[in-house]
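Take a look at the structure below.
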Amino acid sequence: MPVNHVVLFGFKPDASSEAIMQCCQEMLSLKDRCTLASTGKPYIMASKGGKDTSIEGLQNGLTHVFVVDFASVADRDYYVKEDEAHRGFVEKWVTTPGAIIAKAVVVDFVPGSF
């Protein structure tokens, strides 16, 4: 069963536009850089993202959104728990001192499952 992994970022006010662009490009490049240890092959089905354009005013400081599609819960779990490329991205942009992401929200769903 496929899983959609939705990630929203809010950047620190002092983050440069160049750093934000680099972060976004690296987030999208995970589609090609994340590989299964068992096969050495990429396993992310699709990845897309962009800057918020909503007119509703409900963003709560979140400015960029990404949707990463996995073929299965197992693939999503590998991405979150084991994938070194994903772990490196999170460490670089989210958790290390000096990281430019001020807040992140992650929500996963199985399409059509309520």
Side-chain angles (χ1 to χ4, degrees):
M1 106 183 68
V3 176
N4 298 114
H5 181 74
V6 181
V7 179
L8 297 103
F9 292 147
F11 292 93
K12 293 180 179 176
D14 62 345
S16 70
S17 58
E18 293 82 10
I20 292 170
M21 180 61 73
Q22 181 182 356
C23 176
C24 293
Q25 289 171 342
E26 286 186 26
M27 177 67 188
L28 292 172
S29 77
L30 289 173
K31 180 182 181 301
D32 299 318
R33 295 187 308 118
C34 289
T35 58
L36 287 173
S38 60
T39 65
K41 295 182 180 181
Y43 60 95
I44 294 173
M45 294 173 48
S47 182
K48 58 189 168 239
K51 189 172 181 179
D52 169 64
T53 62
S54 176
I55 61 171
E56 295 181 87
L58 300 173
Q59 298 86 342
N60 295 314
L62 300 166
T63 59
H64 292 71
V65 63
F66 300 88
V67 180
V68 181
D69 299 336
F70 298 98
S72 67
V73 170
D75 284 352
R76 185 276 319 268
D77 290 354
Y78 179 83
Y79 176 79
V80 172
K81 296 177 181 178
E82 300 180 49
D83 193 283
E84 292 297 326
H86 175 252
R87 182 174 295 130
F89 175 87
V90 171
E91 289 173 359
K92 178 178 181 179
W93 297 106
V94 183
T95 61
T96 60
I100 65 169
I101 295 175
K103 67 168 89 172
V105 173
V106 178
V107 180
D108 296 344
F109 69 96
V110 173
S113 178
F114 295 99

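Residues Leu8 and Val3 do not share a hydrophobic cluster, clusters being chains of Ile/Leu/Val/Met/Phe/Trp/Tyr side chains in contact below 4.5 Å. Cluster membership for Val6 and Val106, using ILVMFWY side-chain heavy atoms within less than 4.5 angstrom, is not shared. The same ILVMFWY cluster, assembled from side-chain heavy atoms under 4.5 Å apart, contains both Phe89 and Ile20. Follow the hydrophobic side-chain contacts under 4.5 Å out from Val94 and you reach Val80 in the same cluster.
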- Check against side-chain contact (heavy atoms from CB on, under 4.5 Å), Ile101 and Phe11: CA-CA 4 Å; Ile101 295 175; Phe11 292 93; 3.6 Å; yes
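Between Ala99 and Lys12 the shortest heavy-atom distance is O-NZ, 2.8 Å. Considering all non-hydrogen atoms of both residues, Ser16 and Ala19 come closest at OG-N, 3.0 Å. Summarising the geometry of Pro2 relative to Pro111, their closest heavy-atom pair is O-CD, 3.5 Å, with the distance given to 0.1 Å.
A donor and an acceptor atom, one from each side chain of Gln22 and Glu26, are located under 3.5 Å apart.
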Scan the side chains in residues 44-53 for donor-acceptor partners under 3.5 Å anywhere in the protein, sequence neighbours excluded, and list what turns up.
| from | atom 1 | to | atom 2 | distance (Å) |
| --- | --- | --- | --- | --- |
| Asp52 | OD1 | Ser54 | N | 3.1 |
| Asp52 | OD2 | Gln59 | NE2 | 2.9 |

Review item, side-chain donor-acceptor pairs of residues 61-74, under 3.5 Å, at least two apart:
| from | atom 1 | to | atom 2 | distance (Å) |
| --- | --- | --- | --- | --- |
| Thr63 | OG1 | Phe9 | O | 3.4 |
| Asp69 | OD1 | Asn4 | ND2 | 2.4 |
| Ser72 | OG | Ala74 | N | 3.4 |
| Ser72 | OG | Asp75 | N | 3.0 |

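Between the CG atom in Asp83 and the CZ atom in Arg76 there is a gap of 14.0 Å [rounded to 0.5 Å].
Below 30°, between 30° and 60°, or above 60°: for Tyr43 and Tyr79 the angle between ring planes is above 60°, a perpendicular geometry.
Of the possible donor and acceptor atoms, none in the side chain of Arg33 sits under 3.5 Å from a partner among the backbone N and O of Pro42.
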